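Here the structure is a predicted model, which is why all the values come from computation and not from measurement. Lettering follows sequence order; numbering is per chain, from 1. What's counted below: heavy atoms across the whole structure, side chains too, no hydrogens, waters or symmetry copies.
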Protein chains: 4
Amino acid sequence: MARTVDPARYQARREAIIDAALTRFAADGFDRTTTASICKAAGIGSGTFFHYFPTKLSVLLAILDYGTKETSAWFSAQQGRTDPDEVIIDYVRHAADEATDPRVAGFIRAVGSLMADPDVAAALARDEVTVHGGLLPRVEAAQAAGRIRSEVPAGRLCAWVMVVLDGFLDRLIGELPFSAPAERDMLVDTVRRILSPSWPP
Amino acid sequence: MARTVDPARYQARREAIIDAALTRFAADGFDRTTTASICKAAGIGSGTFFHYFPTKLSVLLAILDYGTKETSAWFSAQQGRTDPDEVIIDYVRHAADEATDPRVAGFIRAVGSLMADPDVAAALARDEVTVHGGLLPRVEAAQAAGRIRSEVPAGRLCAWVMVVLDGFLDRLIGELPFSAPAERDMLVDTVRRILSPSWPP
Amino acid sequence: MARTVDPARYQARREAIIDAALTRFAADGFDRTTTASICKAAGIGSGTFFHYFPTKLSVLLAILDYGTKETSAWFSAQQGRTDPDEVIIDYVRHAADEATDPRVAGFIRAVGSLMADPDVAAALARDEVTVHGGLLPRVEAAQAAGRIRSEVPAGRLCAWVMVVLDGFLDRLIGELPFSAPAERDMLVDTVRRILSPSWPP
Amino acid sequence: MARTVDPARYQARREAIIDAALTRFAADGFDRTTTASICKAAGIGSGTFFHYFPTKLSVLLAILDYGTKETSAWFSAQQGRTDPDEVIIDYVRHAADEATDPRVAGFIRAVGSLMADPDVAAALARDEVTVHGGLLPRVEAAQAAGRIRSEVPAGRLCAWVMVVLDGFLDRLIGELPFSAPAERDMLVDTVRRILSPSWPP
DNA sequence: CATGAATGAGTCTTCATTCAT
DNA sequence: AATGAATGAAGACTCATTCAT
């Protein structure tokens, strides 16, 4: 009467596929990654892949979902904090640290070529909303507390924090030398400058 | 003895193909763009395409080259100027203005998935070197003149100007509302903040 | 846990493809044979073809290999014999009999146009070496026994036996009437004349 | 009022194309030879080619025709001779000498893959008929004079002389060492053996 | 559930031939 | 007559997905 063989084994395998796919997508991009290469990396047969995911695209969506959940969890974990401006900075640090996994930047790039796809667009929108939704209340609180500048609407400030983060991730695969750990402080400094209320005209 | 081919007509057609390819690449990404769709957009037969470019990839490289040349020309045109810090700001404005063409961001994304290709990597490296080579002397001059901060090496400052520019371009295709003209001033302000020598710790 | 794939079925299909390809190559030549026509003749889908052979050329190489193995086996089967000159004649008869398959001559012709290809050249060299390696010891033994002429080196005699065989195969597709069964005796007679020690100058 | 520019120039160009095509066909085979490569070898533009020949195939037919005419002329030149058996041998020598041009064997091979084409088949038939028509009367005369064997019909003897010639040409591109000049005597010897009336049963 | 053989739609690219100049 | 740009039909090969075992 066993429904599936073993729920734990099922989950483990599903995650193995996700992990393998993340690696392949990051290295080769979505279109140039074959389901066969994912299967090989995951150590499964080609048929098995489609037991876990109905299409190649669906794995990518699962990865995106995973990231969104992670972000959501991170912000939830900051619930009690009373230093909103530092939460923002910490998030930036957190995001920079995640970019230490060399697959992150590659994966982001892989997703880029799929922006036309409605499912991907929706997943990305959910992700952005999650980040935005995590940052916005802190930006508003920090503005209310006078700790960051207020002449720019909170939403727009959030967007610009994300601009810098995006650019930072982009650079990681660029040609010129630019490494996540070495530039992390500069990243934080830059965000601080963007948010800073004291600015000589 | 007809010398055949009007060189002007040849160039025009070549540029028509480049333009069509730029449009398609931007909209669909490199792999999802078929040579057939480029031909259709350019109004030529499938064989004609390969009279002008040996491979699909080669058009993309031509587009990159075109951009590099444009950048190079822009910096050359600023030769005589004596206000290095404003040249930097003007370049940022110039780049933002180019991003008004909605295809720019999409194309950049399309290129992203090809970073593994050595020819593309080389072309991108050339492009980055061009921008870097255009900015660096101005940053150094501005530092020497005490008009921007000097505690960060000139090269690193250049990189960070480019970080913000990259992030800005990325956002243009994002889901949340973010338009080039509306955010141009904020972009300039952000770059000024990054370069500013006076900033209270 | 089904071990899938019946190895026998796999082999059968592989041979069906080889057989279909042999037929098509013989009839149309290599370049004018489409993989589609092979698939159709073999009763398989276009994709299946490439599960068994990576390229169109590789099937042709497999056919050549098959022939080389067959020749090798034939000579092995003659191991115990003590009448070397008759082994030579029997090989000639054997080769003539194989040429009864009307596809043989056409296939040989198809291979001709690929001689420039290194893989084909290597396979043909292997084949020639096999025939040569099969004939040479018999020629030498027959010479030692004084049963065939000795004033011509053994290797050269082998080559001339092959000359006549090649020419024989060529004629089979010629325009003038020339059929394998009808000319078999003349072939044997011709080889005997070439090898004969007694011949008045 | 000039009809064509200059008949001599026209003929020269036509022959230049034939010569270039012979070279390319011999090296690459018919299908793998592009009209472009012929044009390049002939030093003409691609359009010019089709001023002289309506199709790629037609050049090949012209080459075959040229060979047939040459053979025909050779036999005509032997008209007065009274030693028919030596004419046969001389033709064999003549054919062997022509095979000194390394393109001959390659071209023959190239033609092989087109045997299915009716025009090519017809041209080849014409060629064979020419050779056959040149040899047959000499064989008959030699038989009547008792200088060659008579128990085999003249036509069949002709065919077997051609078998050996064909095989000889084939070997020239084979892998094992086999050169036209070195083996010419053996070729003549072989033909003599085939024709010889005196043969111990 | 797990497997991998089978499928065929889809794509880039080649090349003989045409035709305007 | 000579040119070479333009054309589009054709073909090898890839790969996501299905399905029998």
Side-chain angles (χ1 to χ4, degrees), chain A residues 2-6 9-10 13 31-39 43-59, chain B residues 1-7 9-10 13-14 31-39 43-58, chain C residues 1-7 9-10 13-14 31-39 43-58, chain D residues 2-6 9-10 13 31-39 43-59:
Chain A
R3 192 65 75 84
T4 58
V5 187
D6 172 0
R9 180 180 155 82
Y10 183 90
R13 221 156 200 196
D31 286 306
R32 300 171 115 78
T33 294
T34 64
T35 54
S37 81
I38 297 173
C39 294
I44 59 170
S46 68
T48 308
F49 179 92
F50 292 93
H51 271 303
Y52 289 84
F53 297 95
T55 63
K56 183 169 78 158
L57 184 61
S58 66
V59 205
Chain B
M1 260 106 177
R3 225 3 60 228
T4 47
V5 251
D6 179 355
R9 179 180 158 81
Y10 183 89
R13 212 143 206 207
R14 190 184 142 92
D31 287 306
R32 301 171 112 78
T33 294
T34 64
T35 53
S37 80
I38 297 174
C39 294
I44 58 171
S46 68
T48 307
F49 178 90
F50 291 95
H51 263 301
Y52 288 86
F53 297 96
T55 61
K56 184 169 75 157
L57 183 60
S58 67
Chain C
M1 260 103 176
R3 225 2 62 226
T4 46
V5 251
D6 179 356
R9 181 180 157 80
Y10 183 89
R13 215 148 204 201
R14 192 183 139 92
D31 286 305
R32 301 171 112 78
T33 294
T34 66
T35 54
S37 80
I38 297 174
C39 294
I44 59 172
S46 68
T48 307
F49 178 90
F50 292 95
H51 264 302
Y52 287 85
F53 298 95
T55 61
K56 184 170 73 157
L57 183 60
S58 67
Chain D
R3 192 69 74 85
T4 58
V5 187
D6 172 0
R9 180 181 157 81
Y10 183 88
R13 223 158 199 193
D31 286 306
R32 302 170 112 79
T33 294
T34 64
T35 54
S37 81
I38 296 174
C39 294
I44 58 170
S46 68
T48 308
F49 179 92
F50 291 93
H51 270 302
Y52 288 85
F53 297 95
T55 63
K56 184 170 75 159
L57 184 60
S58 65
V59 206

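- Closest-nucleotide positions on DNA chain E for B:P54 and C:T48 were compared, and the one nearer the 5' end corresponds to C:T48.
- B:H51 places its NE2 atom 12 Å from the C1' atom of E:dT18, with the value rounded to the nearest Å.
- A:S46 and A:C39 make their closest contact through CA-SG, 3.7 Å (heavy atoms, listed as atom of the first residue, atom of the second, distance).
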### Task
Let me have DNA chain F in dot-bracket notation, would you? Count Watson-Crick plus G-U wobble pairs, both distances under 3.5 Å, and use [ ] for pairs crossing earlier ones and | for inter-strand partners.
.||||||||||||||||||||
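- Atom P of nucleotide F:dA9 and atom CZ of B:F50 are separated by 16 Å, given to the nearest angstrom.
- Following rounding to the nearest Å, D:F49 (CZ) and E:dC19 (C1') show an atom-to-atom distance of 17 Å.
- With sequence neighbours excluded, no residue forms a salt bridge (Lys or Arg N to Asp or Glu O under 4.0 Å) with B:R13.
- Minimum atom distance to the side chain of C:R13 is reached by E:dT7, of the listed E:dT3, E:dT7, F:dA6.
- Between the CZ atom of A:F53 and the C1' atom of F:dC15 there is a distance of 19 Å, rounded to whole Å.
- A pairwise comparison of heavy atoms in B:D31 and B:K56 identifies O-NZ, 3.9 Å as the closest pair.
- B:F53 and B:R14 make their closest contact through CE2-NH1, 3.4 Å (heavy atoms, listed as atom of the first residue, atom of the second, distance).
- In terms of heavy-atom proximity, A:F49 sits nearest to A:T55 at CE2-O, 4.1 Å.
- For the side-chain contact (heavy atoms from CB on, under 4.5 Å) test, residues two or more places apart in sequence or in another chain that qualify with D:S37 are D:R24, D:T33, D:T34.
- Between D:I38 atom CD1 and E:dT17 atom C1' there is a gap of 13 Å when expressed in whole angstrom units.
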Atom pairs under 3.5 Å, N or O on each side, protein against nucleotides 9-11 of chain E: can you list them with distances?
{"residue": "E:dA9", "atom": "N6", "partner": "C:S46", "partner atom": "OG", "Å": "3.4"}

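- Nearest-nucleotide positions on DNA chain F place D:I44 closer to the 5' end than the other of C:L57 and D:I44.
- Between F:dA1 and D:Y52, no contact under 4.0 Å exists linking OP1 or OP2 to a side-chain N or O.
- The ring-ring contact (aromatic ring centres under 6.0 Å, His included) check on B:Y52 picks up B:Y10, with sequence neighbours excluded.
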